[in-house]
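A short write-up of the structure that comes next.
Source: prediction; values computed, not measured. Every chain is numbered from 1, with letters handed out A, B, ... down the list of sequences.
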Number of protein chains: 2
Amino acid sequence: MHPLRTYIQRFVPLTDAEWAALETSLQPRKLARKAHFARIGEPASDIALVVSGACRLYYVRPDGEEITTYFFFENHLMASYSSCLSGQPSRLALEPTELLVFPYARLRQLYDEFPVYERFGRLLAEYHLLGTDERMTELLLLSPEQRYQTLLASTKTKIMARIPQRYVASYLGITPVSLSRIRARMATESS
Amino acid sequence: MHPLRTYIQRFVPLTDAEWAALETSLQPRKLARKAHFARIGEPASDIALVVSGACRLYYVRPDGEEITTYFFFENHLMASYSSCLSGQPSRLALEPTELLVFPYARLRQLYDEFPVYERFGRLLAEYHLLGTDERMTELLLLSPEQRYQTLLASTKTKIMARIPQRYVASYLGITPVSLSRIRARMATESS
DNA sequence: CGGAATCGTTAACAAACGCTAAGAAGTTCA
DNA sequence: TGAACTTCTTAGCGTTTGTTAACGATTCCG
């Protein structure tokens, strides 16, 4: 089974005809280690399934600091709703990455043509909303150290281990220096 | 025009028949100053349009501290996606509040019965996702003081002014004491 | 109306964080 | 393989925040 079809069918069932309507719009694409999937400042109007590798979505603060807000790993959809509409964030390949790309505009067409895709779109948005809501709540409720411990205890641990910790730090809302101190503190206290 | 119909029609057009299917499920409800719309710990399986007044959605930390994550004002839908599924947060009336309530289960029925409601559900989830994503990004990118200034500069200023600042503080991810200091600092520096 | 509860501010102290810088360890890639 | 680059850690310093507590002012509600 095609990996994208597998992904979609975790939300809705697809007939062969419905799947074919999307499959014809897919474009394979490879990104080198630090190549950009979308340029900074330009609207990111494409969606991609990450076939292999990893990407991160980041903002650039006025002082030049990069703040990573999302990671994308194998067999997950890489998309930025806010970017598809307002176009501010930017994406970067972290490891050498293989993608399957299709325009967000194509998905909107499918919303009109097939009710099943409209439902997929709803479930996808709801799924991402749940994740972002939980993430936001964690930022409001927990201390930086608690957030790091939560991350360690989650299922994302293994894939996060592949990522430079400076990126994980901004994902947690702290500086790399602070994350390093938290790790040192935890290592001391547990011994 | 019915206020809920007006709200929905900002996303999708509704025929009289489509509107009637939802209207029959509406239940008016009034809440006193600090009455709960949903009990803490129990799943909040209802959605409500706030007709008048204001509500807040909050979590209770292990130490007993209340952390407010959302506010709901007139002519806005009060719902918690995470609660409709997992049922952890709780809602509280802030001011005496008039609501129009309907079960989330009813909305799910309408998703099956009318394509226009399925589309509304998608657009509603996307709309909330955009808001939550922006909120999360602000927490990652900006300092507490910058977040407060952003809030002051936003369209929410006037309605936020009705709310006790202790709640606004946790909405910004800081303590009431800290918000008070930020305000004092800003007042001094601008003079 | 008047007591009770809530709310905002301020102070003092300790803890944590951001920033800058420097050095060590590891990785990349020509 | 080796030089350049990236990453992680540690240190010192100043700032901000959290915490606790106290004091007025306001608001609520019997």
Quiz prompt | Whole angstrom value for the distance that separates P of dG8(C) from CZ of Arg162(B) | solution = 15 Å
Quiz item: Nearest nucleotide by nearest heavy atom, which residue falls closer to the 5' end of DNA chain D, Ser180(A) or Val177(B)?
Solution: Ser180(A)
Quiz item: Taking atom C1' of dT27(C) as reference, at what distance in whole Å does atom CD of Gln165(A) sit?
Solution: 15 Å
Quiz item: Roughly how many Å is it from CG in Leu172(A) to P in dG18(C), rounded to a whole number?
Solution: 11 Å
Self-check item: Phosphate contact (dG18(D) OP1 or OP2) by Thr175(B) side-chain N/O below 4.0 Å
Solution: yes
Quiz item: Once you round it to whole Å, what is the distance between C1' of dT10(C) and CD1 of Ile182(B)?
Solution: 15 Å
Quiz item: Quick one: does NZ or CZ of Arg56(A) land under 6.0 Å from the six-membered ring centre of Tyr167(A), within 45 degrees of the ring axis?
Solution: yes
Practice problem: Report yes if some heavy atom in the side chain of Arg5(B) is under 4.5 Å from a heavy atom in the side chain of Leu22(B); otherwise report no. | Solution: no
Quiz item: So which one's nearest nucleotide on DNA chain C is more toward 5', Lys34(B) or Gly173(A)?
Solution: Lys34(B)
Quiz prompt | Check ion pair Lys34(A)-Glu95(A) (N to O, under 4.0 angstrom) | solution = no
Practice problem: Respond yes when some side-chain nitrogen or oxygen of Arg33(A) is under 4.0 Å from OP1 or OP2 of dC29(C), and no when none is. | Solution: yes
Self-check item: Nearest-angstrom distance from the residue atom CG of Leu142(A) to P of dG18(D)
Solution: 14 Å
Quiz prompt | Candidate nucleotides dC17(C), dT17(D), dT10(C), ranked by approach to the side chain of Pro144(A) - the nearest | solution = dC17(C)
Practice problem: Establish whether the base of dG8(C) is bridged to the side chain of Arg181(B) by a donor-acceptor pair shorter than 3.5 Å. | Solution: no
Self-check item: Sugar-phosphate, base or nothing in reach of Leu179(B), heavy atoms under 4.0 Å
Solution: nothing
Exercise. May I have the distance from Tyr167(A) (atom OH) to dT7(D) (atom P), rounded to whole angstrom?
Key: 5 Å
Practice problem: Map Ser178(B) and Ser143(A) onto DNA chain C by nearest heavy atom, then report which one ends up closer to the 5' terminus. | Solution: Ser178(B)
Self-check item: Phe11(B)-Phe120(B) aromatic ring centre distance below 6.0 Å
Solution: yes
Quiz item: Do any side-chain nitrogens or oxygens of Arg185(A) fall under 4.0 Å of OP1 or OP2 in dC17(C)?
Solution: yes
Practice problem: Taking the side chain as every heavy atom from C-beta outward, state whether Arg119(A) and Asp112(B) have any atom pair closer than 4.5 Å. | Solution: yes
Quiz item: How close or far is atom P of dT17(D) from atom CG of Leu140(A), stated in whole angstroms?
Solution: 15 Å
Quiz item: Ile163(B) CD1 to dT26(D) P: how many Å, rounded?
Solution: 21 Å
